[in-house]
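Report on one structure; see the data block that follows.
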Number of protein chains: 2
Amino acid sequence: MRGKPTMIDVADEGGISLGTVSKVLRGDPTVSSKLRERVLAACRKLNYQRNWIAASLRSRQTNTVGIIIPDILNTFYATLVEKLENLASVGGYTVVIVTTGEEPQRALQRINVVKDRLVDGVIVIPSLGSSETLASSVGADLPCVIVDRVAADNPFPSVATDNFDAAYQGARYLLSLGHRHIAIAANSPRLWNTRERIAGFERAMAEGNGRADVRIVGMTVEEARISLEGLLGERERPTALFTSNNLVTLGAVGALRSCGVSVPHEISLLAFDDFEWLRLLRPAISAINQPADQIAVEAWRLLSHQMSGRPVSNPHVRAAGQLVIRESTAQHGRIGKRAGARE
Amino acid sequence: MRGKPTMIDVADEGGISLGTVSKVLRGDPTVSSKLRERVLAACRKLNYQRNWIAASLRSRQTNTVGIIIPDILNTFYATLVEKLENLASVGGYTVVIVTTGEEPQRALQRINVVKDRLVDGVIVIPSLGSSETLASSVGADLPCVIVDRVAADNPFPSVATDNFDAAYQGARYLLSLGHRHIAIAANSPRLWNTRERIAGFERAMAEGNGRADVRIVGMTVEEARISLEGLLGERERPTALFTSNNLVTLGAVGALRSCGVSVPHEISLLAFDDFEWLRLLRPAISAINQPADQIAVEAWRLLSHQMSGRPVSNPHVRAAGQLVIRESTAQHGRIGKRAGARE
DNA sequence: ATGCGTTGGAATAACGTTTCATAATAGGCA
DNA sequence: TGCCTATTATGAAACGTTATTCCAACGCAT
């Protein structure tokens, strides 16, 4: 035996056949406990490690899943990855992570990398422009779950926050504080999650007779900051601002600082996406929290059911966002009056 | 041809031998351009995709690297992962990410997962307690680079911030502002990076005749917050606080808020680890930035050289941290006087 | 024209598993 | 005891590549 020991070495060591060793290691029940013990002993003795590659080649499954996300630095996606990695791990799967950025061509190239890797399934957060090509590219012949950015006509199992309703509730909350002129700062209407959030916002504003001010501010923190500095400098500026994701929120906070606009006295701020730092800013920022935990669990359920051939029930999950009220949102007109904080 | 096309199908299609097809696809130069063209044409026609698993089995290399990190939600590690993923990708490698938490037994189990996966190399940020076992576990028979938490007697190629010097400079800066009683809030002295930071801090304090107050505050934000609330309540509390990483900083900011201690008037705050939000807090927090970019590049250099069998020069890299001065650090005794901000 | 070196293509044996069709063994019952 | 069934073990054939050995063909020089 040169190099790493193989199953053959184990078989020889224990005086057992190769096939039986394989059975034991796969947990096949049709093997007597006596032989099983012998096999296990031989494995321990040789410090045998199963060669997963050979197994995959023969069995045609890799026990690996791909996760395709735009950006790991987006805290929401990082949280999702963290939880998915745990779920996959307890299920005996390994996770391959691929980041696409928001550039379509890079996304496609990266998706092919994953497909080449012959993963058993994929969890995809589509990036800007890759949504359309996804169908032909991946989902057709591979178990697949779409997360967060779900196209209206998306045929694959999917999980996302109920963006429409969450934004609707957020806007209603701002309206209930007396605001009438409210802006939503959104990165790009080509993103389906953003599109839904804008729609929910607009619906609430229409119902509440508010003036809906939709601003497209770009995909990066920097673009958002610059764009919103423009907004804050306008003569008739809104009395409340609703940011459509955590990156935009960052840009918004930067803009509010640099323009010296005080929150919530001069303008109220409500963020989509909650995370640790919002609590620590002064004023602490009110936000709509996306239940990352639930989203990850459901995504894993949908994927693992597909991979094991089980029927997939409820293939289109929508999770409710939660409004977390802090200090950045206040009654319009009553300067200094807080809207009430819970936490 | 049923199912996916294989190289054999391609060979048949083009009327060429299997071996030649393999050569072409691997870019072997000893094949005439005429045949190469025929092969490529056949591949396109059949929409052939190379089976990477079979190739790996035979060639004994997987073109995959593992990244083992404690926690993807730690922004510093997430940044590192992002950059490493890009570097690996352009080098033709895929990245498998595994998170260990700070629990030793989980770490070991996860490391084995990676080894089972037969990766070509590993980049490891050791977690609490896994440092010691790493040597026997992974580095012995696998190209390996240790990042960030480098044991004093670590034999493997490694990259990290020069923690000692960075902390030394940070402490000297605080001393230069007139502070004499300074506390460092550190997560655990069992972590090598923390240990080095404490040592650098202590050295500077000794040289400057300051009173070094080392506080071990635990691994989580919550633990740190509680622990530091205790510190802030003490009668003789320090006039400056140095936090040893971004999680502790979070806890510290929380504690300062809940205790109503004003920064920098009552206490100065200097953070180890810089990131976006520190700029947006009020006051903006001074920090020591770790050059994640440089660290990732060096780590990849060390790993890829090992994997390709090239000699590894400078196997122990230390990158300089940069002091970024903002508003949270001020002259001791001169209330309200800012220390000067650059940005 | 013959021999020799060189080059490019083909054939074939691994790589280390899983899987499937048999073979062997044990157990139960007449 | 002998036969039939149910159970467990064996052996060999894949899986789709890469690596190595072996030929054929060609050019060049003698």
Side-chain angles (χ1 to χ4, degrees), chain A residues 1-43 46-64 92 94 115-120, chain B residues 1-43 46-64 92 115-120 141:
Chain A
M1 175 189 63
R2 61 193 178 289
K4 278 196 171 187
T6 77
M7 273 195 183
I8 300 182
D9 300 318
V10 173
D12 290 353
E13 172 70 32
I16 316 145
S17 85
L18 171 60
T20 306
V21 174
S22 173
K23 273 187 176 179
V24 171
L25 263 32
R26 271 174 302 132
D28 187 313
T30 79
V31 47
S32 67
S33 53
K34 200 178 73 177
L35 275 204
R36 161 170 292 119
E37 210 30 73
R38 285 238 302 277
V39 169
L40 262 25
C43 285
L46 299 181
N47 190 20
Y48 168 75
Q49 273 196 282
R50 180 114 137 262
N51 183 322
W52 161 85
I53 302 239
S56 292
L57 175 59
R58 182 61 234 240
S59 67
R60 297 165 155 293
Q61 62 162 354
T62 58
N63 284 320
T64 299
T94 303
K115 280 186 63 184
D116 276 358
R117 248 46 186 182
L118 300 179
V119 295
D120 292 342
Chain B
M1 176 189 63
R2 62 192 177 289
K4 278 196 171 186
T6 79
M7 273 196 182
I8 300 182
D9 300 317
V10 173
D12 290 352
E13 171 71 30
I16 317 143
S17 87
L18 171 59
T20 306
V21 174
S22 173
K23 274 187 177 179
V24 171
L25 264 31
R26 270 177 299 136
D28 187 312
T30 80
V31 47
S32 67
S33 53
K34 202 178 73 178
L35 275 203
R36 160 170 292 117
E37 209 30 71
R38 285 239 302 279
V39 169
L40 262 25
C43 285
L46 298 181
N47 191 21
Y48 168 75
Q49 273 195 280
R50 179 114 138 263
N51 184 321
W52 160 85
I53 302 239
S56 293
L57 176 60
R58 182 61 235 243
S59 68
R60 296 164 157 291
Q61 63 162 351
T62 58
N63 283 320
T64 299
K115 279 187 63 185
D116 276 358
R117 248 44 184 182
L118 299 178
V119 296
D120 292 340
D141 39 42

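What you see is a predicted model; the values in this text were computed from it and never measured. Below, read A as the first sequence line, B as the second, and so on, with proteins coming before strands; counting in each chain starts at 1.
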(request) Would you classify A/Ile53 as touching base, sugar-phosphate or nothing, given that sugar-phosphate means primed atoms plus P, OP1 and OP2, and contacts are heavy atoms under 4.0 Å? (result) nothing

(request) Please determine, for the side chain of B/Thr6, which listed nucleotide (C/dT18, C/dA10, D/dG16) has the closest atom? (result) D/dG16

(message) Between P on C/dG9 and NZ on B/Lys34, what's the gap in Å once rounded to a whole number?
(response) 9 Å

(message) In this structure, how many angstroms lie between the P atom of C/dA24 and the CD1 atom of A/Ile16, rounded?
(response) 19 Å

(message) Counting the atoms with a prime plus P, OP1 and OP2 as sugar-phosphate, which does A/Leu18 contact under 4.0 Å by heavy atoms, base, sugar-phosphate, or nothing?
(response) base

(request) Using atom CG of B/Asn51 as one end and atom P of D/dA14 as the other, report the distance to the nearest whole Å. (result) 18 Å

(message) Assuming nearest nucleotide by heavy-atom distance, tell me which of B/Pro29 and A/Ala55 is located more 5' along DNA chain C.
(response) B/Pro29

(request) Can you tell me the distance, in whole Å, between the CE atom of B/Met7 and the C1' atom of C/dA11? (result) 16 Å

(message) Using a 4.0 Å heavy-atom cut-off, does A/Leu35 contact any base of the nucleic acid, only the sugar-phosphate backbone, or nothing at all?
(response) sugar-phosphate

(message) Using a heavy-atom cut-off of 4.0 Å across all strands, would you classify A/Arg26 as base, sugar-phosphate, or nothing?
(response) base

(request) Applying side chain to side chain donor-acceptor pair (under 3.5 Å), run through B/Arg36 and B/Ser32 and close with a yes or a no. (result) CA-CA 6 Å; B/Arg36 160 170 292 117; B/Ser32 67; over 6 Å; no

(request) Check the distance between C/dC15's C1' and A/Ile8's CD1 and give it to me in whole angstrom. (result) 10 Å

(message) Tell me if a side-chain donor or acceptor on A/Asp120 pairs with a main-chain N or O of A/Gln61 at a distance below 3.5 Å.
(response) no

(message) Nearest to the B/Arg58 side chain among D/dA9, C/dC15, C/dT19, which nucleotide is it?
(response) C/dC15

(message) When you measure from the side-chain N and O atoms of B/Arg50 to the phosphate of D/dT18, is any distance below 4.0 Å, counting only OP1 and OP2?
(response) yes

(request) Describe the nucleic acid contact of A/Ser32 in one word from base, sugar-phosphate, nothing, applying a heavy-atom distance below 4.0 Å. (result) sugar-phosphate

(request) Look at A/Thr20 and D/dT10 and indicate whether a side-chain polar atom (N or O) is within less than 4.0 Å of OP1 or OP2. (result) yes

(request) Classify the nucleic acid contact of B/Ser22 as base, sugar-phosphate or nothing, counting any heavy atom under 4.0 Å across all strands shown. (result) base

(message) Test your reading of the model: is there a side-chain donor-acceptor pair from A/Thr64 to the backbone of A/Thr62, 3.5 Å cut-off?
(response) yes

(request) Look at the side chain of B/Ser59 and decide which nucleotide, out of D/dA19, D/dG16, C/dA10, has an atom nearest to it. (result) D/dA19

(request) Would you mind telling me which of C/dT18, C/dT17, D/dC15 lies closest to the side-chain atoms of A/Arg60? (result) D/dC15

(message) What is the distance, to the nearest angstrom, from the CG atom on B/Leu25 to the P atom on D/dA19?
(response) 13 Å

(request) Return the value, rounded to whole Å, for the distance between atom CZ of B/Arg38 and atom P of C/dG9. (result) 10 Å

(message) Quick check on DNA chain D: between B/Ala54 and A/Gly15, whose nearest nucleotide comes earlier from the 5' end?
(response) A/Gly15

(request) Flag the pair B/Val24 / B/Ile16 as yes when at least one side-chain heavy-atom distance between them is below 4.5 Å, and no otherwise. (result) no

(message) Taking the nucleotide of DNA chain D with the nearest heavy atom to each, does A/Thr30 or A/Gly19 sit closer to the 5' end?
(response) A/Thr30

(request) Determine whether any donor atom in the side chain of B/Lys23 lies under 3.5 Å from an acceptor atom in the base of C/dG8, or the reverse, and answer yes or no. (result) no

(request) Could you check how far CG of B/Leu57 sits from P of D/dT18, rounded to whole Å? (result) 11 Å

(request) Answer yes or no: does a side-chain N or O of B/Ser17 lie under 4.0 Å from OP1 or OP2 of C/dA10? (result) yes

